[in-house]
Amino acid sequence: TCAFAGQKKVLAAYEEAVKCGYSGARAGRLHTPHGVFDTPMFMPVGTQATVKAVSPRELKEMGAQIILSNTYHLYLRPGTELVAEAGGLHRFMDWDGGILTDSGGFQVFSLGPLRKITEEGAAFRSHIDGSTQFLSPEIAIKAQMNLGADIIMAFDECIPYPAEYQYAKLSTERTTRWAERSQKAHTRSGQALFAIVQGGMYQDLRRVSANDLVSLDFPGYGIGGLSVGEPKPVMYEMLEQTVPLLPENKPRYLMGVGTPDCLVEAVRYGIDMFDCVFPTRVARNGTAMTKSGRLVVKNAAYAKDFLPIDENCGCYACQNFSRAYIRHLLKADEIFGLRLTTIHNLYFLLDFTKKMRQAILEDRFLSFREEFLAQYCK
Ligand SMILES: C=CCOC(=O)Nc1nc2cc3[nH]c(NC)nc3cc2c(=O)[nH]1
Ligand SMILES: [Zn+2]
């Protein structure tokens, strides 16, 4: 294994992984320099050092524990050295909870126009000014050390979907070599480096990727290359192949997932951490998430609906405002409208993971899952 000399390498210590009586679901506690956090957890995405339309105070109030920021975006603008000079990302954005940085460039890397990947790294075109940029494990890790997140991600390639077996194999092997280079470049103590399991939609490549990365001994593991357009059953099959190979006493982070039905299935397989832009993105076009599915509050049907989005919801929007009012704001292009739908959607997912944790601790996760799926998919 690759142990750091004198390096406290396991920051995200994992304890209390409470297993409920069903395969992999577990409730744990994640230790970081900015606190100890409960899992399963949803992590709001703050791509450019802000979770769009909400303040750090509101995030804290709704129970956010760890939030995401994107290395690629902050590297291009304002630059990660500048953030380091500002005192690091926590100071820069005034967030004293946990921060995890991922690349945020996976759209660019796997879908971008100029995507040239070699053993050295990935060349791509900046979405800001079209300039040619280059990222390698060393550059990505240095950028993340500058940002100062509590958890950072190894540099990887998110394999596009669909992909030929041969390409997926070569890319996955390269991602493992990049993970090793990421480890060697990671010299900042007090920061946990997670590896990212790849393997496309191929069971054998997923198992090889997981086993290779586990033998490199990371404090936590992301599961990448999923939620990239594949059918949900394929995603679940990849989880079934991968998660059992990962150490039970370390966190598992399913990248870019997702909707509540995906979260409850992934928790069943033993996933602990999630991130997704979906709740904040759909909020901005007036869609609210509820336990029965989506509610497009902008629709005319809600013009005179004086009930809250969800009368059982404890969020600031549902406690104080009606659907009619929020619809009015959205139709009038009022910024406050977007803020209210965003606050509701983030609260909904944060509360949903809290409810799953409670169900696991009380050993009733299975029935929780059944009841939820029956109502949500109706
Ligand atoms: C600095 C280096 C850190 O690199 C990464 O963050 N890499 C990475 N990010 C992903 C993000 C995803 N979002 C979705 N669905 C919405 N699927 C995703 C898959 C990946 C992935 O395989 N890798
Ligand atoms: Zn609400």
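Just follow the structure's listing: the first ligand is 1, and inside any ligand the first atom is 1.
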Heavy-atom contacts with Met153 under 4.0 Å: which atoms of ligand 1 show up? List them by number with element.
1 (C), 2 (C), 3 (C)
Interfacing atoms of ligand 1 (cut-off 4.0 Å, heavy-atom, Gly225)
19 (C), 21 (C), 22 (O)
Within a distance under 4.0 Å of any heavy atom of Ile196, pick out the atoms of ligand 1 and give their elements.
4 (O), 5 (C), 7 (N)
Between atom CD of Glu157 and atom OH of Tyr167, what is the distance when rounded to the nearest 0.5 Å?
3.0 Å
For ligand 1, which part of Leu226 has a heavy atom less than 4.0 Å away: the side chain, the backbone, both, or neither?
backbone
Report yes or no: does Gln198 have a heavy atom closer than 4.0 Å to ligand 1?
yes
Using a 4.0 Å heavy-atom cut-off, say whether Val277 meets ligand 1 through its side chain, its backbone, both or neither.
neither
Indicate yes or no: does Arg181 engage Glu120 in a salt bridge with an N to O separation below 4.0 Å.
yes
Would you call the rings of Phe372 and Phe352 parallel, tilted or perpendicular if under 30° counts as parallel and over 60° as perpendicular?
tilted
Does Glu119 CD have over 12 foreign heavy atoms under 6.0 Å away?
yes
Got an N/O contact under 3.5 Å between Asp156 and ligand 1?
yes
Can you list the ligand 1 atoms lying under 4.0 Å from a non-hydrogen atom of Ser227?
14 (C), 15 (N), 16 (C), 17 (N)
Kindly say whether the aromatic ring centers of Tyr316 and Phe321 come within a distance under 6.0 Å.
yes
Starting from the C-alpha separation in whole Å, work towards a yes-or-no answer on side chain to side chain donor-acceptor pair (under 3.5 Å) for Arg77 and Gln48.
CA-CA 8 Å; Arg77 183 179 57 190; Gln48 302 187 105; 3.1 Å; yes
Can you tell me how far CG of Leu147 sits from CG of Leu89, rounded to the nearest 0.5 angstrom?
5.5 Å
Where ligand 1 meets Ala154 - atom numbers and elements under 4.0 angstrom, heavy-atom basis:
2 (C), 3 (C), 4 (O)
Over 60° means perpendicular and under 30° means parallel, so classify the ring planes of Phe218 and Tyr221, tilted if in between.
perpendicular
Taking the Zn ion (ligand 2) as the apex, ND1 on His344 and SG on Cys313 give an angle, to 10°, of 110°
Only heavy atoms of Gly224, strictly under 4.0 Å: list the atoms of ligand 1 that pass.
21 (C), 22 (O)
